Colleague: 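Below you'll find the structure I mean.
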Number of protein chains: 2
Amino acid sequence: MKFESATIKDIAKALNLSTSTVSRALRGSYEISSETKKQVLEYAEKINYRPNPIALSLKERRTRAIGVVVSEIANNFFSQAINGIESIAYNRGYHVIITQSHESHEREKVNVEHMAARGVDGLLISLSSESVDIAHLRELHEKGMPIVFFDRVSDEIETHTVTANNYWGSYHATEHLIYQEFKRIAHITASPHLSITRERLEGYKDALAKHNIPFREDLIRYCPHGGMKVPEVEEAIGSLMKAKNKPDAFFGGGDRLTMTCFGILKRMKLKKEPGFIGFTNTAVGDLFSPAITVIKQPAFEIGQSATEFLIQMIESKRPITEFQHKVLETELVIRESSKKEAVAKREA
Amino acid sequence: MKFESATIKDIAKALNLSTSTVSRALRGSYEISSETKKQVLEYAEKINYRPNPIALSLKERRTRAIGVVVSEIANNFFSQAINGIESIAYNRGYHVIITQSHESHEREKVNVEHMAARGVDGLLISLSSESVDIAHLRELHEKGMPIVFFDRVSDEIETHTVTANNYWGSYHATEHLIYQEFKRIAHITASPHLSITRERLEGYKDALAKHNIPFREDLIRYCPHGGMKVPEVEEAIGSLMKAKNKPDAFFGGGDRLTMTCFGILKRMKLKKEPGFIGFTNTAVGDLFSPAITVIKQPAFEIGQSATEFLIQMIESKRPITEFQHKVLETELVIRESSKKEAVAKREA
DNA sequence: TTCGGTGCCGGAATCGTTTGCGCAAATAAA
DNA sequence: TTTATTTGCGCAAACGATTCCGGCACCGAA
């Protein structure tokens, strides 16, 4: 089974011209008589000629494609970010190749290497939770591959980054819970070496400090798989609820994590329902019971900005030395799950 | 900014050999002395040589990549199906290129053409809701491009298809609502020329007929954008609720549609809460209020089967003439939203 | 010594496209 | 008429890899 397409040679043969003439005619070179041009153009149109992008890539050493690595597309944040990426890329004439790391460092590496070999012009990446060692990226970066980090960034590579303001998002969320008079706020978060984990943890800590609530390490739980493995989260919550002083509120540190967490807590049917808040970009937070308070990230815009930076790098003649670190604000959407009165009422 | 890689020429030059010898040595040809082979292999390893896939594609006229077109990745069904596709593809040594049509026929066409030109070895496609005319696919198919339809299929092209048993899924869902004593079941569904729309409508009709409930066209609403445009669904529901005889239950015909519908109904805060059921693969249906009854499709398996068929077609020596139409069973997950008693209780 | 065979390797074509260079004919200038 | 310039086009190399074809050297056999 193969699939043949018309080539420049077919045109040349049919019109008794050389391939070079045809090529030049197609791109409207001034060296070709307008009559020949017309002939070629018409015939090309007739047989629906399309230049072979593979041959072009080989020749020009560029593909007009950008590669994307996210952990999961089945994650509201990432699917929205991808839509942002596409919106810019298509307008600028780039195609987007999406891959998933499934939070696996190995998978991330394989994907990145394949896309690099395949000749993408640049890479947009949000690190997997397993990625401590990013030698595979550094190597590529040193060879000149444009790379932009978004969401989960690394400072081991000097380049543009685009993130949400995780610190303030987390700070405000935590402060909101404090205002609602929750005293023992547990923070269920992802792998501690992710930038987002650290930033969100800092915001949480600082909000506590601001309100003179001592930070307690035993209220923090790290789930390296970021909510993908339910037992991991169950274990985290279980251990928290077994303690003498149970938390009275939970704060989820990522999209999947927030969902998983919320589900587990709900299924536990606790007598004393805890307050809940989480980072997630779900569109249906108000359909939940209780309607869930969320920190929403400007995912679409993050995708857009990252893509703009990347294309700018790709198309720049000289190496870039000044890098930007764009930070976009989050939005706290307050609903029922974080309100003390609401919680109290549901318990009554 | 460019990105250079070692080539076979570099090896040849360094070792004072010809490129042909190096090429042969790398693939272990018997015509090359074991000594030369060793040299070449070692040097290749040392400089971390990787064959250029673009050059290979040009030569071999295959890319070991398969293209996927879905309407939205931010759709639980599709993201799960894509995971199924990847699980098979990667094991068989194929890469997966994901594109979204956003329910636009034009976008679908552009994506398909680009992937074809780019040289994917085959195509996995679930049609956009706008795609009535599929000339772009037929043309490709006639030129020999292997294509497998999944989920939203077309009978205009003779090929393998993989779908959920939409008819029975819909039949059982409808029957379930009937058993729960709902009398006027509205069906909010997608574009009428999608195969899934037709199949689900048939199941709905036949279940009504089986229970001697007359089918009423005025209980059906088509939303061509499949729930992507909220106003469209609001209008549909609004018009149904304005009628003298309001529906007492709603049945959503697709993933996005079900979510959108459910949200709108909830926000309407109706005195008399209608029964609800819908096709969706959401993982969090039990977190909703009320917990939502769903028809779940075996999305992952659909993705897997479709990919197996496709790779089989790609690797087949002779044209395939016998096509399979695989149908996988759906699962009805009954929760609160469809239970008459529950609805009554919530109303009390 | 010559012939056939084998082992090992290089030359060159090929995939589809672009492009530097050169060449012939036509036109313009001398 | 001769020389210079322009116009219009073809040849061939290049991108990176594979592969057909052929060649050289060395061996044993006749």
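From a predicted model like this one, the values you see are computed outputs, not experimental measurements.
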Colleague: Angle class for the His114(A)/His95(B) ring planes (parallel below 30°, perpendicular above 60°, tilted otherwise)?
Modeller: parallel
Colleague: Quickly, which of Val112(B), Ile97(B), Ile314(B) forms a side chain to side chain contact (heavy atoms under 4.5 Å, CB included) with Val120(B)? Name it, please.
Modeller: Ile97(B)
Colleague: Which part of the nucleic acid, if any, lies within contact of Leu17(B), taking any heavy atom under 4.0 Å across all strands shown: a base, the sugar-phosphate backbone alone, or nothing?
Modeller: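 Sugar-phosphate, no base atom in range.
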Colleague: Quick one: which of dT19(C), dC9(D), dT19(D) gets closest to the side chain of Ser23(A)?
Modeller: dT19(C)
Colleague: Taking NZ, NE, NH1 and NH2 as the nitrogens, is one of them in Lys326(B) or Glu301(B) under 4.0 Å from a carboxylate oxygen of the other?
Modeller: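 Looking at Lys326(B) and Glu301(B), the cut-off is not met.
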Colleague: Nearest whole angstrom, please: distance from the P of dG10(C) to the CD1 of Ile11(B).
Modeller: 14 Å
Colleague: Give the nucleotide from the list dA17(D), dT17(C), dC9(D) with an atom nearest to the side chain of Lys59(B).
Modeller: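 Of all the options, the side chain of Lys59(B) is nearest to dA17(D).
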Colleague: Just the rounded figure in Å: distance from P of dC15(D) to CG of Asn52(A).
Modeller: 18 Å
Colleague: Hey, does Asp10(B) reach any base, or is it just sugar-phosphate, or nothing, if we go heavy atoms under 4.0 Å?
Modeller: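 Counting heavy atoms under 4.0 Å across all strands, no contact is made by Asp10(B).
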Colleague: With DNA chain D as reference, determine whether Thr21(A) or Glu31(B) sits nearer its 5' end, using the nearest nucleotide of each.
Modeller: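 So the residue in question is Thr21(A).
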Colleague: When you look at Glu130(B) and Lys109(B), which way does the salt bridge (Lys or Arg N to Asp or Glu O under 4.0 Å) test go after all the steps?
Modeller: CA-CA 11 Å; Glu130(B) 277 183 19; Lys109(B) 212 173 124 185; over 6 Å; no
Colleague: Looking at every strand, decide which applies to Arg62(A) at a 4.0 Å heavy-atom threshold: base, sugar-phosphate, or nothing.
Modeller: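 Counting heavy atoms under 4.0 Å across all strands, no contact is made by Arg62(A).
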Colleague: For Thr163(B) and Thr161(B), does a side-chain donor sit closer than 3.5 Å to a side-chain acceptor?
Modeller: no
Colleague: Compare side-chain N and O positions of Tyr30(B) against OP1 and OP2 of dC9(C) and report whether any pair is under 4.0 Å apart.
Modeller: no
Colleague: Taking only the side-chain nitrogens and oxygens of Thr7(A), find out if one of them lies under 4.0 Å from OP1 or OP2 of dG16(C).
Modeller: no
Colleague: Between dT18(C) and Thr19(A), is there an OP1 or OP2 to side-chain N/O distance shorter than 4.0 Å?
Modeller: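 For dT18(C), OP1/OP2 do not have a side-chain N/O of Thr19(A) under 4.0 Å.
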Colleague: What residue among Thr307(B), Asn91(B), Val68(B), Val96(B) forms side chain to side chain contact (heavy atoms under 4.5 Å, CB included) with Glu86(B)?
Modeller: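 Running side chain to side chain contact (heavy atoms under 4.5 Å, CB included) over Thr307(B), Asn91(B), Val68(B), Val96(B) with Glu86(B) returns exactly one hit, Val96(B).
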Colleague: Which comes earlier along DNA chain C counting from the 5' end, the contact point of Leu58(B) or that of Lys37(B), where each point is its nearest nucleotide?
Modeller: Lys37(B)
Colleague: Check every strand shown and say whether Thr36(B) touches a base, only sugar-phosphate, or nothing at a heavy-atom separation below 4.0 Å.
Modeller: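 Sugar-phosphate only.
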Colleague: Below the 4.0 Å mark, does dG16(C) have OP1 or OP2 next to a side-chain nitrogen or oxygen of Arg61(B)?
Modeller: yes
Colleague: Estimate the overall bend of the helix from dT1(C)-dA30(D) to dA30(C)-dT1(D) from the end axes over five pairs each, rounded to 10 degrees.
Modeller: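 Comparing the axis at each end, I get an angle of 80°.
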Colleague: Does any N or O donor sit under 3.5 Å from an N or O acceptor when you compare the side chain of Arg24(B) with the base of dG10(C)?
Modeller: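 Yes.
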Colleague: What is the separation between atom CG on Leu15(B) and atom C1' on dG10(C), rounded to the nearest whole Å?
Modeller: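 Interatomic distance, CG of Leu15(B) to C1' of dG10(C): 15 Å.
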Colleague: Whole-Å distance between dT17(C) P and Arg50(A) CZ?
Modeller: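 Atom-to-atom, Arg50(A) to dT17(C), this comes out as 12 Å.
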Colleague: How many whole angstroms separate atom CD1 of Ile8(A) from atom C1' of dC15(C)?
Modeller: 14 Å
Colleague: Looking at Ser126(B), Ser101(B), Ser71(B), Ser131(B), which hits side chain to side chain donor-acceptor pair (under 3.5 Å) with Glu108(B)?
Modeller: Ser131(B)
Colleague: To the nearest angstrom, how far is Ile47(B) atom CD1 from dG16(D) atom C1'?
Modeller: 13 Å
Colleague: Figure out the NZ/P separation between Lys9(B) and dG10(C), and round it to whole Å.
Modeller: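 Nearest whole value for this atom pair: 15 Å.
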Colleague: Can you tell whether the side chains of Arg92(A) and Glu315(A) come within less than 4.0 Å, N to carboxylate O?
Modeller: yes
Colleague: Hey, is the side chain of Ser18(A) poking within less than 4.0 Å of OP1 or OP2 on dG10(D), counting only N and O atoms?
Modeller: yes
Colleague: What's the CZ-C1' distance between Arg27(A) and dG16(C), to the nearest Å?
Modeller: 12 Å
Colleague: Taking 4.0 Å as the cut-off, does a side-chain nitrogen or oxygen of Ser20(B) come that near to OP1 or OP2 on dC9(C)?
Modeller: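 Negative; the distance criterion is not met.
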